[in-house]
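What follows is a set of notes on a single structure, which appears directly below.
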Amino acid sequence: DHAANCIYSLSICPMNKRSNSSEDNTIRELCAEQGRNRYAGAGSSMLIYPVEDVKEYIALKWTQECVSDQWLKFDEMYKEIRQNNAEMRSRGYNVKDLITGLPDDSHFGFEEVTYLLLFDKLPNHQELDEFKELLAFYRSLPTSFVRDVIMKAPSRDMMNSLARSVLTLYSYDDKADDVSLPNVLRQCLQLISTFPLLSIYSYQAYRYYHDGGSLHIHQPVWEYSTAENILHILRPDSKFTPLEAKILDIALILHMEHGGGNNSSFTTHVVSSSLTDTYSTIAAAIGSLKGPRHGGANIKVVKMFEDMKQKVSDWEDEEEVGNYLADLFNKKAFDKAGLIYGVGHAIYSKSDPRAVVFKKFVKELSEEKGLQKEFALYSLVERLAPEIIARERQIYKGVSINVDFYSGFVYHMLGLPGELYTPIFAMARISGWAAHRMEELANNGKIIRPAYMSICEEREYTKMEDR
């Protein structure tokens, strides 16, 4: 479309009605296919074709002539592989194997996979123990940071508070601008360790000042995993069950990395390529993840289901649930956006491997919490939604639920406040961002610049008195 807009003013838009060129015939065919006639010029021998048809022709022609066959072949191969891919891998390992391989009583899966992302190998017992000790050592904030930074001007959005805190940590780092790999690794490990503190303390401050709630600032426990410390720091009584810690640990693993093509990880690459500092880079990634198109989907799923439970009288009635989903799709229900939240993904069409792995543990937690009816409703929507979408709209590929579909339900069952849903995503994804930043710096490539070209027409400058 951009190519067509660029070329249009010099295009073959006006055509002689006696012309029988291949270009003219092609656009005639496009007009016929779309049920449109040519537009006749006023009293002239010229016939003007509809603009959209000419642009379609130009775009197709431009693609055929200007884009290499090798790239087109690669693009088709890439799409086919990703669409048929039912696995998610971290450093070549199937994430399902990483999760099922964890001992039943282990809550340190996040730490193990973080080690894998940063060092490209699975740790042995000694390496993992030393790594856990290192993260525990870094799991503290500078003196008076909570009082001087977090407690002052708390934001209603925890992602903004998190970004502000990360940028402020620059001032406490004597080597903030050093982009050597050992120093960047140290900075990243500190951020991985402190993200839960920065996020949860910010929430506690906001809740205290704006909602009049009690203020709880719990210090992290050295022996606890990241998942355990999140529950310990957040909850007033610091209590949690082993299953709660286990499923939060798994949620962190499933959200910590998803390739460099996702928006926030690509942001990390782009900003890192300028050789700016780690704090600025991670703050930029946080800004990307904050967006509702990226990190805010799970809260939408929860709100959608809350609306559904109010509007649908019988949660087991497939027809009634299906009608609600159709109303969602047709912009008649919930936020009238025409979306069934948690269903569909840019890459996964047959199934999102993260959701597949997650579902078993979600079921276990729903049984512990006595929320089997809610889980049955989620399962019913998981089955019906693809059928509704396929019926209401022609789609060229399949559609399935994504990881956000169940993660919001899990956070709800864990009693986590909605304000922390996206920050918990960040607590996990910081490990992926760290790995991507180090990769970008290690490659020592050029600054990343998009192949972006203005399509504005040239204009002559007009003096103020002549405007």
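- With rounding to the nearest 0.5 Å, the separation of CD in E419 from CE in M159 is 13.5 Å.
- Minimum interatomic distance between A283 and V166 (heavy atoms only, all atoms of both residues): N-CG1, 4.4 Å.
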- Message: I'd like to know whether V302 forms a side-chain contact (heavy atoms from CB on, under 4.5 Å) with N298, so could you lay out the CA-CA distance, the side-chain angles of the two residues, the decisive distance to 0.1 Å, and finally the verdict.
- Response: CA-CA 7 Å; V302 172; N298 48 29; 5.9 Å; no
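- Under 3.5 Å, the side chains of Q204 and H216 contain no donor-acceptor pair of N or O atoms.
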- Task: Given side-chain hydrogen bond (donor to acceptor under 3.5 Å, both in side chains), test H218 with S238 step by step and report yes or no.
- Result: CA-CA 8 Å; H218 296 157; S238 294; 3.1 Å; yes
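- Looking only at side-chain heavy atoms (C-beta outward), V113 and L252 stay at 4.5 Å or farther from each other.
- Using a 4.5 Å heavy-atom cutoff, the side chains of D307 and M304 are not in contact.
- For K369, the NZ atom is densely surrounded, since the number of other residues' heavy atoms within 6.0 Å is greater than 12.
- Listed here is the closest heavy atom pair of L118 and A434: CD2-CB, 3.9 Å.
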- L328 and Y341: side-chain contact (heavy atoms from CB on, under 4.5 Å), yes or no, with the steps? CA-CA 9 Å; L328 275 177; Y341 292 101; over 6 Å; no
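- Listed here is the closest heavy atom pair of A251 and H255: O-ND1, 2.8 Å.
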- Message: Before you tell me yes or no, could you show the steps for I282 and I430 under side-chain contact (heavy atoms from CB on, under 4.5 Å), namely the whole-Å CA-CA distance, both residues' side-chain angles and the distance that decides it to 0.1 Å?
- Response: CA-CA 8 Å; I282 299 304; I430 176 60; 3.8 Å; yes
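- Checking side-chain atoms of D335 against main-chain N and O of A337 turns up a donor-acceptor pair under 3.5 Å.
- In this structure, the separation between OG1 on T100 and CG on N94 is 8.0 Å, given to the nearest 0.5 Å.
- The backbone N or O of H269 lies less than 3.5 Å from no partner atom in the side chain of S272, so there is not a single donor-acceptor pair.
- Checking side-chain atoms of T422 against main-chain N and O of G295 turns up a donor-acceptor pair under 3.5 Å.
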- Between R391 and E387, is a salt bridge (charged side-chain N to carboxylate O under 4.0 Å, His left out) present by the stated rule, with each step listed? CA-CA 6 Å; R391 186 184 71 199; E387 299 175 6; over 6 Å; no
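- Under a cut-off of 6.0 angstrom, the local environment of NZ in K331 is sparse, with at most 12 non-hydrogen atoms contributed by other residues, nucleotides or ligands.
- To the nearest 0.5 Å, atom CD of residue E111 and atom CD1 of residue I192 are 10.0 Å apart.
- At distances below 3.5 Å, at least one donor-acceptor pair connects side-chain atoms of T268 with backbone N or O atoms of S264.
- Checked by atom type and distance alone, the side chain of S225 pairs as donor or acceptor with a backbone atom of H107 at under 3.5 Å.
- Proximity of a side-chain donor or acceptor of R235 to a complementary backbone N or O of K239 within less than 3.5 Å is detected.
- Ion pairing of D327 with K311 is absent here, as no side-chain N (NZ or NE/NH1/NH2) approaches a carboxylate O to less than 4.0 Å.
- D105 CG to K246 NZ: the interatomic distance, rounded to the nearest 0.5 Å, is 7.5 Å.
- Q187 and T278 are linked by a side-chain donor-acceptor pair at a separation below 3.5 angstrom, with hydrogens and angles left out of the test.
- Using a 4.5 Å cut-off on side-chain heavy atoms (C-beta onward), S265 and E257 make contact.
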- Message: Set out, in order, the CA-CA distance, both residues' side-chain angles and the distance that settles ring pair (Phe, Tyr, Trp, His ring centres under 6.0 Å) for Y406 and F358, then state yes or no.
- Response: CA-CA 8 Å; Y406 280 118; F358 209 20; 7.4 Å; no
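- Residues Y421 and G408 approach most closely at OH-O, 3.7 Å, considering heavy atoms.
- L289 contributes atom CG, which lies 9.5 Å from atom CG of L162 (distance to the nearest 0.5 angstrom).
- Here the side chain of T267 pairs no donor or acceptor atom with the backbone of A285 at under 3.5 angstrom.
- Environment of CD in E316: sparse, with no more than 12 heavy atoms of neighbouring residues, nucleotides or ligands closer than 6.0 Å.
- When each of K309, Q310, K303 is checked for a side-chain hydrogen bond (donor to acceptor under 3.5 Å, both in side chains) with E306, only K309 meets the rule.
- In summary, the side chains of N263 and R293 do not present any donor paired with an acceptor at a separation below 3.5 Å, with no hydrogens or angles considered.
- Here the side chains of L365 and L414 are in contact, with some heavy-atom distance below 4.5 Å.
- Side chains of E374 and S366 form no contact here, defined as non-hydrogen atoms less than 4.5 Å apart.
- Atom CZ of F119 has more than 12 neighbouring heavy atoms from other residues, nucleotides or ligands inside a 6.0 Å radius.
- Judged by distance alone, with hydrogens and angles left aside, the side-chain atoms of H232 form no donor-acceptor pair with the main-chain N or O of E228 at under 3.5 Å.
- At least one donor-acceptor pair closer than 3.5 Å links the side chain of N323 to the backbone N or O of E319.
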- Might you work through the ring pair (Phe, Tyr, Trp, His ring centres under 6.0 Å) test for F305 and F405, ending with a clear yes or no? CA-CA 10 Å; F305 270 92; F405 185 82; 5.6 Å; yes
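- Note on E127 versus K121: salt bridge recorded, some NZ/NE/NH1/NH2 to OD/OE distance being below 4.0 Å.
- The shortest non-hydrogen separation linking T226 to P196 is CG2-CG, 4.2 Å.
- In this structure, the side chains of M308 and V381 come closer than 4.5 Å at one or more pairs of heavy atoms.
- Within the 4.5 Å cutoff, the side chain of I230 has no heavy atoms near those of the L420 side chain.
- Using a distance-only test at 3.5 Å, with no hydrogens or angles considered, no donor-acceptor pair links the side chain of N330 to the main chain of K332.
- When all heavy atoms of M256 and S431 are compared, the closest pair comes out as CE-CB, 3.7 Å.
- Using cut-offs of 30° and 60° on the angle between ring planes, the pair F409 and Y378 is parallel.
- At least one side-chain heavy atom of P220 sits under 4.5 Å from a side-chain heavy atom of I233.
- Rounding to the nearest 0.5 Å places CG of L134 at 10.5 Å from CZ of R139.
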- Task: Using the side-chain contact (heavy atoms from CB on, under 4.5 Å) rule, take Y138 and T194 through it: C-alpha gap first, then chi angles, then the decisive distance, then the call.
- Result: CA-CA 7 Å; Y138 284 135; T194 56; 5.8 Å; no
